[in-house]
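Protein chains get the first letters and strands the later ones, always in sequence-line order, with residue 1 at the start of each. Note that the structure is predicted; figures quoted are calculated from it, not measured.
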Protein chains: 2
Amino acid sequence: MDKTLLSGSTALLVLKLLEEGDKYGYQMIEELRRRSDDTFSLKAGTLYPLLHSLEQKGYITAWEENSDSARPRRYYHLTDAGKAQLAEKETEWRTYAGAMLRVLEGGACLA
Amino acid sequence: MDKTLLSGSTALLVLKLLEEGDKYGYQMIEELRRRSDDTFSLKAGTLYPLLHSLEQKGYITAWEENSDSARPRRYYHLTDAGKAQLAEKETEWRTYAGAMLRVLEGGACLA
DNA sequence: TTGACATATATCGACTACCAATATATTATA
DNA sequence: TATAATATATTGGTAGTCGATATATGTCAA
């Protein structure tokens with residue numbers, strides 16, 4: 001898969017996952033891979049900086065799992081601002097995909 | 001529109017337009033804008049370097065319009081290699097869009 | 001006629017997004 | 001004991017897009 005195709009939609013994917021409930025980074029990577037049938041394999045080097053930036057913008061908040069053992073997990077929670085941003089990004093993506101299909105199918109059966 | 005959404009699919013759009021017949025740069029910008037209902041407004045600073053790179057890769061060839069007056073137009077023609085690349089890119093995009101929809105609709109009616 | 005705008009191609013610098021590589025730390029398995 | 005999976009994080013590099021700018025011509029209105 002061309003990685004640049006994902007450009008811009010990564011934030012949308014992350015916000016969408018968090019709409020269903022609080023999740024931690026590693027979990028999101030696994031879930032995205034599974035739900036997209038291995039089409040999306042989001043890299044840690046992409047996700048963690050993205051999570052920090054979304055937090056800074058107020059779209060998500062973080063809370064640390066209270067665990068005695070193991071590496072602690074940072075769970076993320078979608079804020080109201082995040083929900084608004086999600087709605088906007090989703091509309092934007094559907095507009096883009098629709099326009100794309102229109103171009104791809106515009107000259108299909110004329111030649 | 002988030003410009004990064006377009007990332008990676010610009011080459012696909014250009015190859016698709018050329019599948020219908022030879023076209024010149026400015027014409028492609030106008031046609032894309034029209035066919036996408038103003039969703040795509042490809043910039044000259046994006047298109048011309050892209051055309052050069054597609055030519056270098058052998059996906060398209062260029063021929064100069066023989067005009068006495070006016071600024072001459074550089075028409076581009078899709079090669080066989082370009083047609084193969086187009087098919088591959090188109091499949092790739094549909095895979096990506098399908099996976100995207102699967103994630104977006106995965107948790108839609110459960111909450 | 002002069003200035004503004006559309007046509008038409010081209011390049012450069014800046015910004016953003018993504019990834020590979022690397023680092024760190026724990027647990028489970030061989 | 002060492003290899004892999006879990007889990008988060010940072011850095012450096014690459015690629016794609018745009019804004020600004022440059023150049024050159026044709027058209028239309030003030």
Please lay out, stage by stage, how A:Glu19 and A:Lys89 fare under the test salt bridge (charged side-chain N to carboxylate O under 4.0 Å, His left out).
-> CA-CA 13 Å; A:Glu19 193 189 30; A:Lys89 283 262 181 194; over 6 Å; no
Check whether any side-chain N or O of B:Thr10 sits under 4.0 Å from OP1 or OP2 of D:dT17, and answer yes or no.
-> yes
Given the rule in the side chain to side chain contact (heavy atoms under 4.5 Å, CB included) test, do A:Glu20 and A:Glu31 qualify, once you have shown the distances and angles that lead to the verdict?
-> CA-CA 12 Å; A:Glu20 302 160 16; A:Glu31 203 159 323; 3.9 Å; yes
Whole angstrom is fine here: how far is it from CG in B:Leu32 over to P in D:dT17?
-> 12 Å
Proximity to the side chain of A:Ala44 - top-ranked nucleotide from C:dC19, D:dA9, D:dA5 | D:dA9
Atom-pair distance (CD on B:Glu64; P on D:dA24), nearest Å = 15 Å
Under 4.0 angstrom between B:Thr46 side-chain N/O and D:dC18 OP1 or OP2 | yes
OP1, OP2 of C:dT9 versus side-chain N and O of B:His52: anything below 4.0 Å?
-> no
Out of D:dC18, C:dA8, C:dC19, minimum distance to the side chain of B:Lys43 belongs to D:dC18
Check for a donor-acceptor pair, side chain of B:Thr79 on one end and backbone N or O of B:Tyr59 on the other, with a separation under 3.5 Å.
-> yes
Which one, D:dT6, C:dC18, C:dT9, comes nearest to the side chain of A:Ser7?
-> C:dC18
Could you give the CE-to-P distance, from B:Met1 to D:dT17, as a whole number of Å?
-> 11 Å
With sugar-phosphate meaning primed atoms plus P, OP1 and OP2, does B:Leu50 contact a base, only sugar-phosphate, or nothing at under 4.0 Å between heavy atoms?
-> nothing
B:Leu6 atom CG is separated from C:dT16 atom C1', nearest whole Å, by 14 Å
Aromatic plane relationship, B:Tyr75 with B:Trp63 - under 30° parallel, 30 to 60° tilted, over 60° perpendicular = parallel
Rounded distance in Å - OH (A:Tyr48) to C1' (C:dC18) | 16 Å
Closest nucleotide of DNA chain D for A:Ile29 versus for A:Lys3: which of these residues is on the 5' side?
-> A:Ile29
Evaluate the side chain to side chain contact (heavy atoms under 4.5 Å, CB included) criterion for residues B:Arg74 and B:Leu51: first the C-alpha distance (whole Å), next the side-chain angles of each, then the deciding distance (0.1 Å), finally the verdict.
-> CA-CA 10 Å; B:Arg74 280 181 69 81; B:Leu51 288 173; over 6 Å; no
How many Å lie between CG on A:Leu5 and C1' on C:dC19, as a whole number?
-> 15 Å
Below 4.0 Å: OP1/OP2 of D:dA7 and any side-chain N or O of A:Tyr24 | yes
To the nearest Å, how far apart are A:Leu54 CG and D:dA9 P?
-> 13 Å
In whole Å, what is the span from the CG atom of A:Leu42 to the P atom of C:dC18?
-> 8 Å
Which of C:dT7, D:dT6, D:dC18 is nearest the side chain of B:Tyr26? It is C:dT7
Does A:Arg74 put a side-chain nitrogen or oxygen below 4.0 Å from OP1 or OP2 of D:dT8?
-> no
Mapping B:Thr4 and A:Gly45 to their closest nucleotides on DNA chain D, which lands nearer the 5' end?
-> A:Gly45
